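Contents: one structure, followed by commentary.
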Amino acid sequence: MVSKLVTDTATMLEKKATAKQTGPDAMDYPEQAIGEPFVKNPKMSMRNVDVFYGDKQAIYNVNVDIGQNEVIAMIGPSGCGKSTFLRSINRMNDTVESCRVHGELSLDGEDIYAAKMDPVALRARVGMVFQKPNPFPKSIYDNVSYGPRLHGLASRRAELDEIVENSLRRAGLWEEVKDRLDQPGTGLSGGQQQRLCIARAIAISPEVILMDEPCSALDPIATAKIEELIAELSENYTIAIVTHSMQQAARVSRRTAYFHLGHLVEVNDTEKVFTAPEHALTEAYITGRFG
Amino acid sequence: MQTANLVIVLLALSAVAYLLAHNRSVSLSRPLGGIRHLHSLPFYYGMHATIWCALPAILLLALWLMFDDPVISAALLNGLPESHQPVTVADHNLLLNSIENIASGALSREGADPVLVHAADQLAKMRNIGSYLATAVVLSLGVLGLGWGWVKVSPQLPARQQVEKVFKIMLLSCACVAIFTTLGILLSVLFESMRFFKSIPVTDFLFGTEWSPQMAIRADQVGSSGSFGAIPLFVGTLLISMIAMLVAVPVGLMSALYLAEYASPKFRGLAKPTLEILAGIPTVVYGFFAALTVAPFLRQSGESMGLQVSSESALAAGLVMGVMIIPFVSSLADDVINAVPQSLRDGSLGLGATKSETIKQVIFPAALPGIVGGVLLAVSRAIGETMIVVMAAGLAAQLTLNPLETVTTVTVQIVTLLVGDQEFDSPKTLAAFALGLMLFLVTLVLNFIALRVVKKYREQYD
């Protein structure tokens with residue numbers, strides 16, 4: 001599995017190398033991301049982040065903040081390092097053997113990659129929803145209660161029931177599954193499965209939720225439901241979402257970051273990025289010249 | 001002509017058929033404007049003619065060889081005078097044997113019954129004629145087939161489909177060989193077992209608690225109790241298999257978990273082949289390892305603790321058998337654990353689970369059906385294992401659950417019943433078939449369950 005990830009990344013990087021020659025103004029990356037990459041009182045802040053897979057560099061000197069309770073969208077062409085960057089934020093990249101992350105990444109001012117930081121505890125605070133719905137082959141109830149049980153969030157069964165119900169309600173799934181909580185989560189439809197995964201993630205009350213193209217495997221109706229859900233969740237959570245769909249970024253996010261071949265090109269208010277992009281690369285992507 | 005030579009000539013003939021039909025199709029296509037105007041490629045026309053040339057001739061040859069001997073011996077016996085006609089089946093075989101021996105020169109012609117000598121001459125003559133006849137018929141059929149295949153070549157002939165059809169039938173018949181062999185073995189074991197159950201009641205065999213397979217030749221013989229209760233054997237088998245599984249399942253499973261989840265690729269690349277070498281050691285080697293090293297060690301350490309350990313014990317055999325099965329369990333478990341999608345691991349890790357929590361709560365349950373299937377296959381392996389038990393657990397059929405005592409298993413008893421010159425009409429030897437049948441049924445049920453479980457598992461991630 002690990003080796004597959006590595007080869008996937010390798011092919012991604014190869015694609016990148018060829019894209020470099022064809023992309024418009026490909027070498028013209030700004031020293032510093034254009035726009036407003038930094039905010040006051042950030043929830044998370046990333047400085048001088050470089051990510052390598054073996055000898056190949058996937059992320060080049062990225063500096064950006066994620067604000068409290070904001071939805072930040074990360075967009076960019078395939079293989080631009082959005083997902084790699086996202087996986088560095090909660091140290092999911094630790095599971096990839098050849099991956100190295102340099103730079104200062106912090107959550108509430110705490111260094112994420114400090115020696116005393118426990119990646120397991122970090123991931124409980126920075127939850128993640130994946131591209132493909134990945135419910136465990138367990139019942140719906142056990143899927144949602146998995147995290148709370150691990151972290152001892154409930155001491156009695158009734159408390160656990162409450163957490164499960166609340167999480168499913170907030171994920172907009174409760175009405176659909178309340179009568180069959182004991183049935184396998186894998187038996188749900190794709191959209192329901194993804195909402196189950198979101199319920200599973202919010203059941204442990206994370207501070208930040210990272211979403212890696214959460215709708216790419218879903219049909220438009222299921223996508224609309226998830227987008228509504230993201231809007232609701234943004235009242236209580238800080239959300240970073242990687243997406244391929246510019247419309248989705250425009251609909252759900254307050255700020256948008258544009259990545260290009262491992263470089264962070266532009267970060268700005270979503271409206272501004274889509275109506276008046278400052279950098280030529282951003283404009284080219286937004287207007288559909290490549291991607 | 002010798003059969004082998006005949007086959008070689010046939011093969012050469014079919015090669016000729018291939019070339020002729022191939023060339024004919026090419027030359028037929030030329031006026032049409034190239035081979036794309038043929039129905040099939042020239043290769044298929046060649047194969048079509050080859051099949052016509054070789055297949056009927058070879059089938060005929062096979063039939064000939066099958067019915068050659070019975071026909072000749074029937075003719076031979078008909079030619080014998082009334083006084084020499086055999087009465088019983090045994091006589092019949094004996095008579096044919098002596099004619100055969102005289103014909104081949106194994107028995108001296110001098111002093112033999114002149115009628116038989118005459119018959120032997122007849123036999124040689126008929127064989128000679130038969131052989132010429134076979135050569136002539138088979139070869140002419142081959143040539144006919146060749147001609148037919150050559151004549152049939154035409155741009156419209158759907159040679160491609162016909163060749164495919166013949167290949168399909170050939171594949172089918174190969175598949176049938178395996179099925180019919182299994183069926184044949186099963187039936188022969190079944191019939192021999194029925195003969196056994198004619199002299200020993202089924203209930204005595206299934207529920208008897210004493211195993212002492214001695215049959216009296218004379219009525220006044222000593223020690224000819226002759227009891228055929230299979231329970232001690234099955235208890236011994238289960239005892240040893242259980243000890244083996246107690247060793248193999250935890251060790252095999254945990255080493256698989258380590259290899260699949262924790263080990264670095266380098267260590268895994270080194271450890272996995274090493275583990276699989278264990279599977280390549282002949283069981284005889286395990287056997288004397290058990291008998292010469294493990295059993296004495298157990299005896300010594302048992303005695304130092306004040307336990308009575310017999311020098312051949314179920315424990316020694318079971319332990320070594322467990323070691324033997326470890327690679328079996330670990331490699332199957334490794335495969336299923338690796339088949340658990342990475343996305344499930346990511347999902348669990350992303351919720352703040354540690355690696356071992358992920359393994360315990362997500363990976364292991366997801367892989368469980370496959371693991372159970374693997375373990376059941378390993379159990380049937382343990383039940384069928386013989387060599388280690390012969391050497392390390394002894395031959396005495398005791399009904400005991402004490403692993404420190406000597407026990408015996410079903411397979412070991414089958415071996416001892418059939419070792420040496422035996423006649424297959426006494427219950428003593430027929431008992432082997434009954435035991436074999438029981439064993440077959442037990443492993444069949446286990447394999448059936450295992451395959452069902454594995455199949456169910458496969459459906460889950462497709």
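Naming convention: chains lettered A, B, ... in sequence-line order (proteins, then strands); numbering from 1 in each chain. No experiment lies behind these values; they were computed from the predicted model shown.
- A side-chain donor from one of B/Ser380 and B/Asn447 sits under 3.5 Å from a side-chain acceptor of the other.
- Heavy atoms of A/Pro135 lying under 4.5 Å from chain B belong exclusively to its backbone.
- Side-chain contact annotation: A/Ser83 with A/Asp212, donor-acceptor N/O pair under 3.5 Å present.
- Contact count versus chain B (heavy atoms, under 4.5 Å) is highest, among A/Arg91, A/Lys132, A/Arg149, A/Lys138, for A/Lys138.
- Remark: A/Arg200 is positioned above the aromatic ring of A/Phe136, its terminal NZ or CZ atom under 6.0 angstrom from the ring centre and at most 45 degrees off the axis.
- Most heavy-atom pairs under 4.5 Å with chain A: of the set B/Pro265, B/Gly350, B/Ser264, this distinction falls to B/Gly350.
- With respect to A/Asp94 and A/Arg87, no salt bridge is recorded, no charged nitrogen being found less than 4.0 Å from a carboxylate O.
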